[in-house]
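All ligand and atom numbering here is 1-based and tracks the order in the structure.
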Amino acid sequence: MKNDIIEIRWHGRGGQGAVTSAELTALAAIHEGKYAQAFPSFGPERRGAPVLAFNRIRTDRAVRERSGIIKPDIVVVIDPGLVSLINVTDGLKPGGTLIVNSARSVEDLQQDFSGDWKLAVVDAASIAKKLLGVNIVNTTMLGALIKATEVIDCDSLREPLEERFGARAKSNFEACKQAAENTVISEITPSGDKRPRSFAVEKLPKWNELPVGCVVTDVGNTKAFCTGNWKSQHPEWLDSKCIKCGICSIFCPEGCIKQQKDGFFRADLFYCKGCGICARECWTQAIKMVEEA
Ligand code: SF4
Ligand code: SF4
């Protein structure tokens, strides 16, 4: 690593551990005697919503910059679904590195991007499921970061992982090492963009055109996000307490609570991300959040 400052942007969803990845990276760098920062950027939502985390790492002097990072040297994408939803390469410096968790091959994935970057791909989900038993890939992706950039050493992660995960540190370290071994790296060329990409929502309805209590599937991006598989809990309705006011459907950030024929409300669990806002907003306590099996 050169003495210049290295800036990293992590893309994930709430609950995937992007912030933890950034913190562990900073701790590993500090363990090596470098100077480092880690900080998150959250939107107003929680589990399932896209989140960002950042690192600054420098070897020769303290990091005093406190501004946001808009031109990163390295971008790490923890959630493969974000590649088609967000411009993850926004601001990525020429010569920078894009690291993606994806089951797609590096040859296939590089067709989606155009720029003077290095692309590193690893199927972190498979590794995490095999070694950790869950599809939480934040520590696994540290291995891809190490392989693609050498910004930190693998061994420097041991202590931060032990402090953070205790008895589970060993398996997380193993997942990290396996990811490093399985990361495939390729160059992207500026002319490599063969597939049209659009991140903009084409047309949104006016507020008074929206149906009451529904999943908006024909316009907007609710359908595209499909956050149902991210929930660790889901709402259950106690109809005896429900007065059919519809408040829960108004506050649901995914717009996935729909009124049934009998007048009671239910969430479409394919889109429900388990944030619990509906249960908090229901003023008759007719909704309770239940842990996923
Ligand atoms: S906010 Fe509570 S009482 Fe009102 S419709 Fe929803 S569940 Fe029923
Ligand atoms: S149904 Fe409830 S828990 Fe599910 S996304 Fe909507 S507000 Fe959140």
Distance-only donor-acceptor pairs under 3.5 Å for side chains of residues 127-138, two or more places apart:
unit_1: K130; atom_1: NZ; unit_2: Q178; atom_2: OE1; d: 3.1
unit_1: N138; atom_1: ND2; unit_2: G17; atom_2: O; d: 3.1

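- Each of the following atoms of ligand 2 lies closer than 4.0 Å to a heavy atom of A267: 1 (S).
- R9 places a side-chain N or O within donor-acceptor distance of the main-chain N or O of D90, the cut-off being under 3.5 Å.
- The closest donor-acceptor contact from the side chain of Q37 to the backbone of E65 lies under 3.5 Å.
- Within ligand 2, counting atoms from 1 as listed, the ones closer than 4.0 Å to a heavy atom of G274 are 3 (S), 4 (Fe).
- Counting only heavy atoms of the protein, atom 3 (S) of ligand 2 lies nearest to G276 N, 3.3 Å.
- Each of the atoms 1 (S), 6 (Fe) of ligand 2 lies under 4.0 Å from some heavy atom of C256.
- Remark: side-chain polar atoms of Q259 are not paired, donor with acceptor, to backbone N or O of G246 under 3.5 angstrom.
- Closest to atom 5 (S) of ligand 2, if we only count protein heavy atoms, is K273 N, 3.4 Å.
- Ranking protein heavy atoms by distance to atom 6 (Fe) of ligand 2, first place goes to C252 SG, 2.3 Å.
- Among protein heavy atoms, atom 4 (Fe) of ligand 2 sits closest to C272 SG, 2.3 Å.
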Tell me which donor-acceptor pairs under 3.5 Å the side chains of residues 69-79 have, and how far apart each pair is, sequence neighbours excluded?
unit_1: D73; atom_1: OD1; unit_2: K93; atom_2: NZ; d: 3.1
unit_1: D73; atom_1: OD2; unit_2: E7; atom_2: N; d: 2.8
unit_1: D79; atom_1: OD1; unit_2: G81; atom_2: N; d: 2.7
unit_1: D79; atom_1: OD2; unit_2: R13; atom_2: NE; d: 2.8
unit_1: D79; atom_1: OD2; unit_2: Q16; atom_2: NE2; d: 3.0

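- Within the structure, ligand 2 lacks H234 among the residues with a heavy atom less than 4.0 angstrom away.
- Residues Y35 and V63 share a closest heavy-atom pair of O-CG2, 3.8 Å.
- Side-chain contact between N55 and W10 is present, with at least one heavy-atom pair separated by less than 4.5 Å.
- Close approach to M289 involves these atoms of ligand 2, each under 4.0 Å from a residue heavy atom: 3 (S).
- Of the protein's non-hydrogen atoms, C275 SG, 2.4 Å is the one closest to atom 8 (Fe) of ligand 2.
- Ordered by chain and number, C248 SG make up the set of protein N, O or S atoms under 2.8 Å of atom 6 (Fe) of ligand 1.
- In this view, S171 satisfies the side-chain hydrogen bond (donor to acceptor under 3.5 Å, both in side chains) rule with no residue, not counting sequence neighbours.
- Looking at heavy atoms from C-beta onward, L142 lies out of side-chain contact with C154 at the 4.5 angstrom threshold.
- Because its NZ or CZ atom is not both nearer than 6.0 Å to the ring centre of F265 and within 45° of the ring axis, K258 does not count as a cation-pi partner of that residue.
- Less than 4.0 angstrom separates some heavy atom of P253 from each of these atoms of ligand 2: 7 (S).
- When the shell of 6.0 Å around NZ of K244 is examined, it contains more than 12 heavy atoms from other residues, nucleotides or ligands.
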